[in-house]
Amino acid sequence: MKIIPLSEGAFSIDKTKVFVAFNKGSDDLQERAAGSLLVEIQPFVIITSNDIILLDTGLGFSNPDGVLQIHQNLVDNGINPMDVTKVLLSHLHKDHSGGAAKEDKMLKQHYLSFPQATYYVNKQELGYALEKGVPSYVPADFEILQSAHNVIFIEGNGVIDDYIRYETTGAHCPYHMVFWIEEQGQTVFFGADVAPQLQQMKSRFVAKYDYDGKLCMELRTQWWKQAQEEHWTMLFYHDIKTPFVVL
Ligand SMILES: [Zn+2]
């Protein structure tokens with residue numbers, strides 16, 4: 001499998017849940033609001049023998065030409081966004097689902113950013129996100145998933161096409177999902193916001209921003225051990241330095 005991180009850059013985020021671009025070379029985190037966190041925003045593409053899989057969809061920002069950043073990042077890596085076959089969504093917080101759909105400003109209509117792909121989203125997460133709304137969720141970004149024809153709603157734990165396993169872990173938010181993609185003896189694990197950064201895997205730490213911080217910590221401990229025993233490749237959506245590790 002080929003793994004391609006699609007970084008959208010580094011951002012600071014505070015209680016207001018606004019993502020503010022952060023230049024790692026020249027900005028100082030101390031100058032941001034107290035308690036600000038520094039995070040990368042980093043979807044991934046995994047190329048398998050049958051699929052081009054996108055893991056989460058980033059912030060949904062566009063460049064000055066109006067091109068969606070995630071589309072540009074794919075093109076820059078030699079991938080036509082129309083060739084993406086699957087979009088797996090861990091959860092719908094705005095930094096993970098912002099690029100799922102795009103608005104046509106003239107027609108005031110949203111359409112899926114990856115019209116040829118099948119989207120996989122947790123049904124209960126969708127309901128919860130629509131109800132909860134801002135600031136953590138931006139319903140306009142993903143409302144279309146309710147009615148689009150190429151969406152498969154998943155719940156609980158299961159398997160997609162015999163080689164992608166998923167589990168509903170909750171923990172970071174009530175219906176957060178994680179995925180394992182397994183092919184030719186290789187296991188790629190996407191723990192999304194329950195396992196967002198390498199450093200968090202190595203320390204026992206309960207974050208205030210999680211729905212159930214203690215459960216997040218326990219899952220990280222369990223996965224870190226298992227990842228080493230079973231030689232997983234772990235992807236880190238929010239890691240500033242290390243997009244993934246091969247264990
Ligand atoms: Zn999140």
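Every number for a ligand or one of its atoms is a count from 1 in the order of the listing.
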Angle class for the Y175/Y128 ring planes (parallel below 30°, perpendicular above 60°, tilted otherwise)?
perpendicular

When you check the space around the Zn ion (ligand 1), which protein N, O or S atoms turn up under 2.8 Å?
H91 NE2, H93 ND1, H172 NE2, D193 OD2

Parallel, tilted or perpendicular: which one describes the rings of F11 and F61, with boundaries at 30° and 60°?
perpendicular

Mutual orientation of the aromatic rings belonging to Y237 and F190 [parallel < 30°, tilted 30-60°, perpendicular > 60°]
tilted

Side chains of E182 and W180: donor-acceptor distance under 3.5 Å anywhere?
no

Just jot down the side chain to side chain donor-acceptor pair (under 3.5 Å) partners of D162, sequence neighbours excluded, or say none.
none

Are H96 and Y137 an aromatic pair, judged by ring center distance below 6.0 Å?
no

